[in-house]
Amino acid sequence: MTGVMTLYQTSIGKKVVMAVTGAILLGFVFVHMFGNLKIYSGPVALNEYAEQLRYLGKPIFGYEQLLWIARVVLLGAVVMHIVSAVQLTLQSNGSRPQPYNVNTRTQPAYRYASYTMRWGGVVLFLFIIFHLLHFTFGTVGYSSGQFVNPHSGVYEVYNNVVYGFLNPIVSIFYIAAMIALGLHIYHGTWSMFQTLGISSEKMSGMLRSFAAAFALVIALGNISIPIAVLMGILPLS
Amino acid sequence: MDLRLRIWRQKNKDTAGKLVTYELPDVSPDMSFLEMLDILNERLIEQGEEPVAFDHDCREGICGMCGLVINGVAHGPEVTTTCQLHMRHFKDGDTITIEPWRAKAFPVMKDLMVDRTSFERIIQAGGYVSVATGGTPDANAILISKESAEAAMDAAACIGCGACVAACPNGSAMLFTGAKIAHLSHLPQGQPERYDRARNMVEVMDAEGFGGCTNYGECAAVCPKEIKLDVIARMNGDLIKSTFLTSGTRKMGANATRTGK
Ligand code: FES
């Protein structure tokens with residue numbers, strides 16, 4: 001056994017880290033999106049869901065215990081994903097000291113996603129910070145009195161979401177970020193299969209379609225919510 | 001047809017180069033790209049100027065020596081080697097920019113010639129099978145499934161021209177290294193050294209200063225031998241397995257996969 005650290009020292013090893021942490025994050029965004037859709041079942045369902053989340057893993061785990069474990073794992077995954085991405089980007093940037101005078105891309109436009117991975121990743125990172133300040137802490141994007149922090153014991157998550165998305169600028173930002181997320185997931189999911197050696201000539205077409213479908217489901221599922229709020233389908237309760 | 005050529009001229013490794021423009025009238029559409037450059041060189045020599053240095057050997061698309069970035073695309077507008085590209089793909093009055101492969105691991109030696117010994121060092125790290133010498137083995141003594149044979153042959157089509165590196169926005173040599181690893185990884189003869197090979201070749205590839213892979217697919221799009229991205233997945237899989245197999249089980253794993261599946 002040559003060890004995980006020796007693997008990590010290779011460029012492919014860093015990609016394996018990106019693939020594995022990416023898989024964790026993909027699982028998270030899917031569950032997160034699916035949970036969000038409970039908003040269509042009405043205020044009671046969503047508020048209850050928010051409350052139950054804190055008791056996840058009951059009775060083995062106490063109040064918010066499993067939630068905190070998940071948060072630590074997710075934070076670790078995000079950090080490792082970014083560190084590996086930065087290391088790989090630096091390696092690639094050093095590989096061609098003299099650029100081409102004329103540089104033509106041969107790949108069709110649908111591979112656009114692959115060219116937005118790095119900057120798209122930066123956009124998503126900024127989005128995550130905003131998203132936490134917004135819906136988790138309620139420190140940005142609200143007029144006073146609109147946001148009710150669940151730690152007060154009162155679960156008004158439904159209204160928090162509706163108030164948040166009634167601001168059209170915030171909604172547009174979320175929609176743009178979800179488009180960026182969709183592109184990132186499309187190329188990232190397919191790359192994950194490639195990096196882990198799962199892809200092959202027979203399977204690559206199928207895996208690409210799966211990546212596209214997965215990215216679409218997550219992006220559209222999330223985008224539907226600000227649109228529904230702005231269209232008045234999800235009114236304040 | 002009349003062409004305007006913008007060609008990278010560089011005296012040697014240590015001097016900076018620049019694009020120089022040449023007018024070249026009366027080019028036949030039936031000429032190959034390299035024949036067109038031969039004509040240019042003849043005229044340069046007549047005028048007492050230094051001819052343009054470029055790599056070539058077989059001019060049949062099989063040796064992998066030639067390679068130019070033509071209007072920003074490795075090997076130019078057709079999926080073939082530069083020597084097999086014909087001037088009928090260009091129009092009268094076209095301006096054609098011709099540059100060498102550009103990568104840290106492929107230093108320019110002169111004009112359009114680059115030093116690709118970094119590829120040789122990757123091969124030396126494991127692109128072979130160790131066999132005991134002796135009599136010629138019997139034909140068909142080792143059975144190979146059609147599937148494995150074809151996958152191995154597809155990967156073995158790589159001529160090591162370096163277009164994959166030249167085209168990759170990351171300057172990555174994954175398609176080349178992947179092809180060499182996949183070729184032997186699909187065959188029974190390659191099994192005993194399969195996982196060490198992947199490890200050793202990838203380490204040398206990184207040390208040579210090539211970039212990482214982000215699956216742009218530019219490499220496979222310009223590859224004159226149409227090597228597919230699957231060879232990279234195969235290499236990745238072999239490298240990951242090398243991490244988790246001890247040398248004993250690595251051999252066992254090798255036996256279990258004698259057919260190269
Ligand atoms: S000169 Fe041999 S492949 Fe072009």
Side-chain angles (χ1 to χ4, degrees), chain A residues 1-16 18-20 84-85 87-108 110-111 113-115 117-118 187-188 190-204 207-208 211, chain B residues 6 8 16-17 19 69-74 97 99 102-105 108 151 154 165-174 195 198-199 202-203 205-206 209-218 221-222 228-230 232-247 249-250:
Chain A
M1 196 164 123
T2 39
V4 176
M5 281 321 286
T6 338
L7 177 68
Y8 182 67
Q9 268 151 24
T10 67
S11 56
I12 296 173
K14 295 187 183 68
K15 285 186 55 67
V16 171
M18 297 202 64
V20 172
S84 299
Q87 287 175 325
L88 285 167
T89 304
L90 291 178
Q91 180 183 349
S92 291
N93 286 352
S95 72
R96 181 167 293 133
Q98 164 94 48
Y100 287 109
N101 290 77
V102 179
N103 198 356
T104 315
R105 282 170 191 165
T106 55
Q107 290 298 279
Y110 72 83
R111 299 265 167 93
S114 63
Y115 286 97
M117 289 308 272
R118 287 174 185 149
H187 190 69
W190 185 75
S191 292
M192 174 183 76
F193 293 128
Q194 179 80 0
T195 300
L196 296 179
I198 296 167
S199 184
S200 65
E201 184 164 11
K202 265 187 234 151
M203 285 169 67
S204 70
L207 294 175
R208 242 185 213 289
Chain B
R6 294 168 71 221
W8 186 260
L19 284 172
V69 174
I70 301 162
N71 288 337
V73 180
T97 306
E99 295 176 80
R102 292 204 189 281
K104 187 172 153 203
V108 174
D154 283 349
V165 175
C168 177
N170 296 314
S172 173
M174 298 271 179
Y195 301 107
R199 166 57 46 91
V202 167
E203 274 172 5
M205 172 185 77
D206 280 337
F210 293 104
C213 174
T214 51
N215 301 308
Y216 285 118
E218 293 283 346
V222 297
K228 306 237 170 52
L229 290 179
D230 316 321
I232 300 179
R234 182 83 179 188
M235 163 175 66
N236 294 342
D238 281 6
L239 183 75
I240 293 169
K241 284 179 207 146
S242 81
T243 306
F244 299 104
L245 297 174
T246 59
S247 52
T249 51
R250 237 183 270 177

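Below, chain A is the first sequence line, B the second, and so on; all start at residue 1.
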Review point. So what's closer than 4.5 Å to chain B heavy atoms on A/Ser204: side chain, backbone, both or neither?
Key: side chain

Review point. Who among A/Met117, A/His187, A/Met18 has the most heavy-atom pairs with chain B under 4.5 Å?
Key: A/His187

Practice item. Report yes if some heavy atom in the side chain of A/Thr6 is under 4.5 Å from a heavy atom in the side chain of B/Glu203; otherwise report no. Key: yes

**Study point:** Choice from B/Ala103, B/Cys213, B/Gly237 maximising heavy atom contacts with chain A below 4.5 Å
**Key:** B/Cys213

Exercise for review: Determine the option with the most heavy-atom pairs under 4.5 angstrom with chain A, choosing from B/Pro169, B/Ser172, B/Ala74.
Suggested key: B/Pro169

Revision key, fill the gap. Honestly, the part of B/Leu229 sitting under 4.5 Å from a heavy atom of chain A is both

Point to revise | Side chain to side chain, B/Met174 and B/Met205, heavy atoms closer than 4.5 Å | key: yes

Study note, to complete from the structure: One should read off an interatomic distance between A/Leu88 CG and B/Asn170 CG, to the nearest 0.5 angstrom, of 8.5 Å

Practice item. Could you check if a side-chain atom of A/Gln98 sits within less than 4.5 angstrom of a side-chain atom of B/Val108, using non-hydrogen atoms only? Key: no

Review point. In terms of heavy-atom proximity below 4.5 Å to chain B, should A/Arg118 be classed as side chain, backbone, both, or neither?
Key: side chain

Check your understanding: Does a side-chain heavy-atom distance below 4.5 Å link A/Arg105 with A/Tyr115?
Key -> yes

Check your understanding: Side chains of B/Arg199 and B/Asp238: closer than 4.5 Å at any heavy-atom pair?
Key -> no

Check your understanding: If you count heavy-atom pairs under 4.5 Å between each of B/Leu239, B/Asn236, B/Leu19 and chain A, which one has the most?
Key -> B/Asn236

Review point. Relative to chain A, which segment of B/Val222 carries a heavy atom at a distance below 4.5 Å: side chain, backbone, both, or neither?
Key: side chain

**Study point:** Under 4.5 Å from any heavy atom of chain A - which part of B/Ala151
**Key:** neither

Revision key, fill the gap. When the 4.5 angstrom heavy-atom criterion is applied to B/Phe210 and chain A, the contacting part is backbone

Exercise for review: Below 4.5 Å from any heavy atom of chain A, which atoms of B/Thr97 appear? Answer side chain, backbone, both or neither.
Suggested key: side chain

Practice item. Output the option from A/Gln194, A/Lys15, A/Met203, A/Gln91 having the highest count of non-hydrogen pairs under 4.5 Å with chain B. Key: A/Gln194

Practice item. Please determine, by modelled atom types, if A/Thr10 and B/Asp206 share a side-chain donor-acceptor pair under 3.5 angstrom. Key: no

Exercise for review: Tell me whether the guanidinium CZ or amine NZ of A/Lys14 lies under 6.0 angstrom from the six-membered ring centre of A/Tyr8 and within 45° of its axis.
Suggested key: yes

**Study point:** For chain A, the option from B/Arg6, B/Glu218, B/Lys104 that forms the most heavy-atom pairs under 4.5 Å
**Key:** B/Glu218

Exercise for review: Answer yes or no: is there a side-chain heavy-atom contact under 4.5 Å between A/Val102 and A/Tyr100?
Suggested key: no

